[in-house]
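Structure first, commentary second.
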Amino acid sequence: MDFVNTTIERSTVQLSKADFESDQMVKWCAGCGAHAILAAVERVFPKIGYRKENFCMISGIGCSSRFPYYVNTYGIHGIHGRAAAISTGVKIANPKLSVWMATGDGDSLAIGGNHFIHVIRRNVDINILLFNNQIYGLTKGQYSPTTPMGKVTKTSPQGTIEHPFNVGELVMGAQGTFYARVPDNNIGLMTEAMFEAAKHDGTSIIEIMQNCIIFADKAHNDVIGKEHKDENMLNVKNGQPMTWGKNNEKGLILKDTLLEVVEIGKNGVTADDILVHDAYSQDPGVHLMLAKLAPPHFPMVFGVIRSAMFPTYDDMVEEQIKYAKETSKIKNVDDLLNSGDTWEIK
Amino acid sequence: MDFVNTTIERSTVQLSKADFESDQMVKWCAGCGAHAILAAVERVFPKIGYRKENFCMISGIGCSSRFPYYVNTYGIHGIHGRAAAISTGVKIANPKLSVWMATGDGDSLAIGGNHFIHVIRRNVDINILLFNNQIYGLTKGQYSPTTPMGKVTKTSPQGTIEHPFNVGELVMGAQGTFYARVPDNNIGLMTEAMFEAAKHDGTSIIEIMQNCIIFADKAHNDVIGKEHKDENMLNVKNGQPMTWGKNNEKGLILKDTLLEVVEIGKNGVTADDILVHDAYSQDPGVHLMLAKLAPPHFPMVFGVIRSAMFPTYDDMVEEQIKYAKETSKIKNVDDLLNSGDTWEIK
Amino acid sequence: MPDTKRHIIEKESVVVKFVGDSGDGMQLSGSVFSDSAAMAGNDLATFPDFPAEIRAPQGTVAGVSGFQVHMGSEKIYTTGDLVDVLVCMNPASLKSNIKWAKKGATILVDTDSFDNKAIEKAGYKLSPLSDNSLESYNLIKAPITAMTKESLKDSGIDNKTAERSKNMFALGILYFIFNRDTKLAFTYFEERFKKNPKIVEINKIVIQAGYNYAETVEALESVIQVGPAKMAKGRYRNITGNIATAWGLLAAAEKSGRPLFLGSYPITPATEILMELSKHKSLGAKVFQAEDEIAGICSAIGASYTGSLACTTTSGPGLSLKSEAIGLALITELPLVIVDVQRGGPSTGLPTKSEQSDLMQALFGRNGEGPIIIISASTPDDCFYKAYMAAKLSMEHMTPAILLTDGYLGFGSALFRIPKVKDLPAIKPPIAEANDPDYKPYKRNAETLVRQWAIPGTEGLRHRIGGLEKENITGVVSMDPQNHQLMVDLRAAKVEKIADFIPEQEIDGEKKGDLLVVSWGGTFGAVHSAVKLAQDQGKSISHAHFSYISPLPKNTEKVLKGFKKIVVCELNSGQFVNYLRMKFPMPNITQFNKVQGLPFMINELTDKFNQILEEK
Amino acid sequence: MPDTKRHIIEKESVVVKFVGDSGDGMQLSGSVFSDSAAMAGNDLATFPDFPAEIRAPQGTVAGVSGFQVHMGSEKIYTTGDLVDVLVCMNPASLKSNIKWAKKGATILVDTDSFDNKAIEKAGYKLSPLSDNSLESYNLIKAPITAMTKESLKDSGIDNKTAERSKNMFALGILYFIFNRDTKLAFTYFEERFKKNPKIVEINKIVIQAGYNYAETVEALESVIQVGPAKMAKGRYRNITGNIATAWGLLAAAEKSGRPLFLGSYPITPATEILMELSKHKSLGAKVFQAEDEIAGICSAIGASYTGSLACTTTSGPGLSLKSEAIGLALITELPLVIVDVQRGGPSTGLPTKSEQSDLMQALFGRNGEGPIIIISASTPDDCFYKAYMAAKLSMEHMTPAILLTDGYLGFGSALFRIPKVKDLPAIKPPIAEANDPDYKPYKRNAETLVRQWAIPGTEGLRHRIGGLEKENITGVVSMDPQNHQLMVDLRAAKVEKIADFIPEQEIDGEKKGDLLVVSWGGTFGAVHSAVKLAQDQGKSISHAHFSYISPLPKNTEKVLKGFKKIVVCELNSGQFVNYLRMKFPMPNITQFNKVQGLPFMINELTDKFNQILEEK
Ligand SMILES: Cc1ncc(C[n+]2csc(CCOP(=O)(O)OP(=O)(O)O)c2C)c(N)n1
Ligand SMILES: Cc1ncc(C[n+]2csc(CCOP(=O)(O)OP(=O)(O)O)c2C)c(N)n1
Ligand code: SF4
Ligand code: SF4
Ligand SMILES: [Mg+2]
Ligand SMILES: [Mg+2]
């Protein structure tokens, strides 16, 4: 991976997985999708190339938010919903840290929704791993803002009556610059997206379709399950045509203003007709359309859906400070105390 | 206006502006755009046709949030940022009320951002008047989440470094069903949008480009000012082609995936080529594109941009209760207390 | 009743604890067992003991889950300090629970689970079953897993499923030990799994197999008999504090004619109240699972404005988040019930443990002068009555009420004598009449200082309220200095006057004496038992357990003045004691505190009482 | 110096108040006037008096804006109870301020503004200038608007602009009244408007015209002379409490070598601190205007973790919202300065008025047992030192500190003797060393119980902290009962030990006597003045003004024990008094309270003192 952020100091030695393993017992349920996410992170961090002391892992509260205890970095297990705000402070205060955030659909989209949309809007350079298991795991099974409508949970005995958020749409509605969606059962897709997020300057959201085996088992199975994935998963890659299916025979095209599914070889459709993914496009229009797609009529889109360049908040903070230091006559507190109207009494 | 909501009781007498005027002194600055919004509301409420006791006006804190004191309805001047949550409680508890909310860009997009996106997601049937003056007025001039980047304010002496929200995009990213944008200097557009909002079942957002004469004077002037409006304002109407200009000579078309400005009569463009506005479309794609448009290359779009049908949260609450009452054996608390395992001690 | 030749030991009360892996079904065994005890006429109290994680790694100490039952032929006040019978399904559960076993306690272990790997995972070097470390206990080693499988070999279910029934085998053994009819257990399954006869059948087979096994092993030289308790006549059920709280609110809604609205966000240990109320839409309860605690309370304020009995339920961190909005409810003088099921703090703290450390926050956790009603519940069943009273007082006196329970009460259960709604005290909120020409938002009842509740939709009462200071009577915004003083004083006086509507403080014991033990909330059972012990020993000691905290009962000072010494016992560092010192600055008030996420043990308390009584 | 034949009255101190419509420029007149007073050597204190609305309707009482200056040739402790000279630019301002004028006060009015419409708008039936209602005052009626226009008729500016200078005409009259050289005012404009000579010129013309007018009218029989005060040598400036707070934090950052981070959300009356710090990026201050108060404090916690001097500033409702996160900061044992500029509560309350009613919230407003540092500031200039000390103690003792100021201190100004940063006490945070093999997150200094600050990026110190209870020393998550007790006790003991690092409580007056007057925070000036009056009258009275509240100074009990009676004076319903009662339950502590959004008046206090001293 090519080194991205010149602010963050590189490691002089080659790091390995072991460098990031913590000595704490991992206490997630056996079969929880979180284990795979941890494995992906432990695989990605040594390869990013930063000094190991420059990683900082922040979380809120939830099963997912126990994450910092399980990776050996600097880190804070915060309070419920506030991980984005804590991360913002960490990154602004020390832009030389590579800041990662582990959070859940409750933590970031219920109680933490406001910090989530604001960190995105400001484009603070942090990488957010959003464990979307469509349930509140730690509190044992209440519906969350991503639970599909109609689902029976501990607090919706007759089925929920809430229209869920689509994380990708919310990210883009909040002026997001980076959004990827990955399944917890594909470590390759996960690590790829994490690398891309690390490279991206600005807030990166990686929505991980994570399985909660206890309270919302198989919630994502219709899409990412072995028996469904060929049919229902479209893995996009920048610069590549958007095709999927067992033999990559299906593709997306744009007809009028809407995306449409076609089959290559049928009705005269050729591979050249298929829409090519442009993750780096500034315009969120098509990215939003991609994020919205879902079975039965469409595949669900995975991979890096959006990765647009935009100045980061933390860089601009540094620039304003630099400019102020260069131009202001006030160089220290004594200067400040004595600035403006003062007089001597003798 | 045709009567919409059959839950809310109609007035048997014809109401007038006077029925909604409160006896409190209006304390906004002379020249503040809020005065015109009040005038529009006092014009709209009597025409909606509901009993005057069925209106309820909720607000948070800010100049805009003083609104409830100035209309004679039931109402709460709440706490900062929480108007949407209070309104949600009012509407769920009593769906027979017509619930309106007056709020500011700080109140609903800074501290209240989370309640704002959640009320929208749930589609609770309330009408939100969002006074967007791009500044915190009541606290005397700090930048807000809608202040354009680079603007010098009391807390951004070197200009802000924050990418602002676009209200329409945020609404749609949050699964919004109704979004209108209106200028504070056109009472006709304001009242029209308010009528449509009243008719819409679900959360209606009316973003009002409001002038704060003291702390952000003329913030919207480049678009809605007399000298600019012909050039820069596109007022959309459902079923009508999207044209504007002094002589309605400009129009929008869709080219590939992007909107484009054309001139009717030039390059063979005829009135028939112009895109017709479909506010009722379920798909938010084009609505989002319209919300994003802005000068210099595009006009800014006003009017009802989106008004899609979707079940409301409050209706579904009533349905579940009705179903439960019909099917449950537990009809009162005595039934409940004696349900399940109980035994007698004699 | 088993026909046994074994020696029967009569006991007044016994504590049984089931412990095993999170997946071992200990909560179910415990529930079936306590249900049978209740059916057999015992009084009882139960407490589940969850790990903080959902399913921490199998076989580790972190993953142990437990369920404790205290049953007796006398009135049961606590869930029991130490355990008489411990059922251990694996080494880790033995490791983490042996410290709770009384010397000589009966310990039943599934020997099949004690393989080397499991022993090591639990943190043992050697098997505790073979190193004589359990010599002082009555150890029953049973190959429970194997025998469970064996008993089901003809049932047609697979081995794995069969293995999962081992908790029922253990339960069967216990039915023998307690000389209890297994039919009581069968009834449990028959009633609950009507639609699934296979489940009923399997459980019956395994329970009976366990019972039969016990009947034939030698280890069991005696069986224990706990006779029925003398209890007031009536219909009974078992109830947890959280369910009782939910039901108390439903009862208050029905009685007052005000629809119930709950705006809440899940948080341990309060979530059950939200989950329970979600089930009762047939009673018209509107339950809004909000995006956070702030939206929970604010939606409730909106609902309260419309005339609902509005509630919000939470635990400590959530109460913190609600602080600002409580201020809005109190300045708008709207009713609102806030339930705080306290847990270990500060911050996230010990989320699954119990504590009484939110009292100061409840009293003072908001900006400005903001007195409101604070009530606490003493036992799981008392949660019903105190939730009811919180709702009644809040609505009748138009001010928010905080009900303090705790994780110990919320999760714990007790027997509940089912009341009739018609016998509950009337609730008469001060609803303003339509078109009342004299209606003013802050006009007050001269005696109670309570303003009226004018419900949106009502003709002729349109008005606005809000968080800015309001002029008394008219309710218009006012920054006038004298009016502010008046309103601050009125709000305080209104709450103080509620003392006229609550019971006087009772004293358990003599009204004068050497030592008054003061407690409040969920420590009732332990303190009561400890004081009773001391009283039985002839000590000059009395007990005042406070349920009403703000305002305090009118006779509080008189109660305190009757004693040479006062000790306030709390599961915090001393909050109620400091509140009493503020109100009654008397030098003879001492304190006894424990902040360990655990309830008081009776002997800790008696030791302390003796120490104070001996001091000169 | 004016060459005047009029009678000169020497005064030790004078209170002047400028009042007019929000648009009338009263804040500017007041600032110029106080600046000149300072230049002339007076000690002084000022206070602006804004309406709650930005610009309430012109001409109404709601729209009146004021600026009060108390200046003297003696030390000035308050901004003054009643006014000697009142400058009224319109009828509404006279209406709302006449109650603050001393009998016999000089009242200057712009007669041009007293037309019928304006008189009616102000709520007068008849013109107060012609109904003899002002007989007991020294009324100066001047056609200020007309003469302002007249004076500018040759300046080339339009009538409307000219009219807006009328405040400067009034100011000119005051310079004459106070026998002050108008050059002092000219300097003010010359320095500030270097780039706009036209503004300087116009203001000079009008001020001089006002001065000249005064010199020629008969109403002015005497002029007032306030001589220079005796003040300690040094360089001085005028400073408001909010600016002083901001600068104190900057000084602490520089001194400690820890970069300053502020995460804050605007709220009256604290916003100025945020605005001020936004200006000082040249000093490296990172200022994050957050989306709400919670993000403000949480970003600060993140910044603190990285090794910054992290701060958050707010007022009461914002402090409520920060409650939960304060718990996180205290359990993670991170430094954090929380500034609460108190205002009138509860809820939104009286947002532009001052009060001391957040003390209990600061002490107890969070779940669980969570003691932290609480410090208060006494005067606008003291805000500098107390902000500095809050930062110092918080960093050195690794626990959050709340600094309590209030709207009265924050907006008010006083003269500030400029210190040198090198003379400020050293700040030495306990930063952990790279690759320290013994580093453990919760290892503590044996004496202070303080853990180390291990800064991300440092080699060899990687660790995680968080809101769950942690095992002492190692910092791993722990639900162990004994450890929890230990940690609760350690966190409390750590804060208690800070008493070794703060000054002992001073007594102003004798150490023993009949009455000790206790106060804290922004009431210092009024209470000090009132006590001094009583002392001068020979009463046995002393004053203890508390700046350090948690922990209290070590000698507090001793201080209190020296007096027969104690009265605690506060602008709330009695919060510090109750805190003292908790700590020292003594029956002789009484209280004196006022909750009106206004400061104490000296005579209210002396009356109370006399009453207490006379009681048997
Ligand atoms: C202030 C506060 N409110 C509520 C809670 C209780 N709580 C802990 S985690 C959680 C939701 C977790 O859901 P999610 O973020 O999706 O995490 P998951 O467990 O599913 O990974 C809740 C409601 C809390 N700890 N703090
Ligand atoms: C909890 C809380 N935080 C902060 C404030 C201070 N405050 C009042 S209004 C406001 C912002 C107002 O901005 P906006 O909503 O845009 O309203 P406007 O005055 O511009 O109409 C702020 C920060 C408050 N009253 N309460
Ligand atoms: S409860 Fe669900 S999300 Fe939590 S650890 Fe278990 S499987 Fe994972
Ligand atoms: S400050 Fe701005 S928004 Fe507020 S009332 Fe004045 S003009 Fe309107
Ligand atoms: Mg989740
Ligand atoms: Mg605004």
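Reminder, nothing fancy here: chain letters follow the sequence lines and each chain counts from 1.
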What pair of heavy atoms forms the shortest contact from [X] to [Y], and how long is it?
| X | Y | answer |
| --- | --- | --- |
| C:Q575 | D:E369 | NE2-OE2, 2.9 Å |
| C:E469 | D:L350 | CB-CD1, 3.5 Å |
| C:I331 | D:S347 | CG2-CB, 3.7 Å |
| C:G345 | D:N367 | CA-ND2, 4.3 Å |
| C:S320 | D:E324 | CB-N, 3.6 Å |
| D:G368 | C:D358 | N-OD1, 3.2 Å |

For each of [options], tally heavy-atom pairs with chain D at distances under 4.5 Å, and name the one with the top tally.
| options | answer |
| --- | --- |
| C:G365, C:P346, C:S357 | C:P346 |
| C:S323, C:P317, C:G316, C:G597 | C:P317 |
| C:N483, C:V595, C:T348, C:L580 | C:V595 |
| C:R581, C:H484, C:K470 | C:H484 |
| C:A62, C:A325, C:G327, C:G349 | C:G349 |

Item to check | Region of D:E355 that comes under 4.5 Å of a non-hydrogen atom in chain C | outcome: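 For D:E355, side-chain heavy atoms alone lie under 4.5 Å from chain C.
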Checklist outcome for this item: Bottom line for D:R491: the part with an atom under 4.5 Å from chain C's heavy atoms is side chain
Test item: [X] and [Y] side chains (from C-beta on) under 4.5 Å apart, heavy atoms:
| X | Y | answer |
| --- | --- | --- |
| D:S573 | C:V488 | yes |
| D:I294 | C:I294 | yes |
| C:L468 | D:P351 | yes |

Item to check | Separation of D:I589 CD1 from C:M582 CE (nearest 0.5 Å) | outcome: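 That separation rounds to 12.0 Å.
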Checklist entry - Atom CZ in C:R366, atom CD in D:Q361: separation rounded to 0.5 Å? => result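 It comes to 9.0 Å.
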Next on the checklist: Quick check on C:L328 against chain D: is it the side chain, the backbone, both or neither that has a heavy atom closer than 4.5 Å?
Outcome noted: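 Looking at C:L328, backbone and side chain both touch chain D.
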Checklist entry - Side chain, backbone, both or neither: which part of C:M586 has a heavy atom under 4.5 Å from chain D? => result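 Only the backbone of C:M586 comes within 4.5 Å of chain D.
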Checklist entry - Looking at D:K353, D:M487, D:Q485, D:M479, which one has more heavy-atom pairs under 4.5 Å with chain C than the rest? => result D:Q485
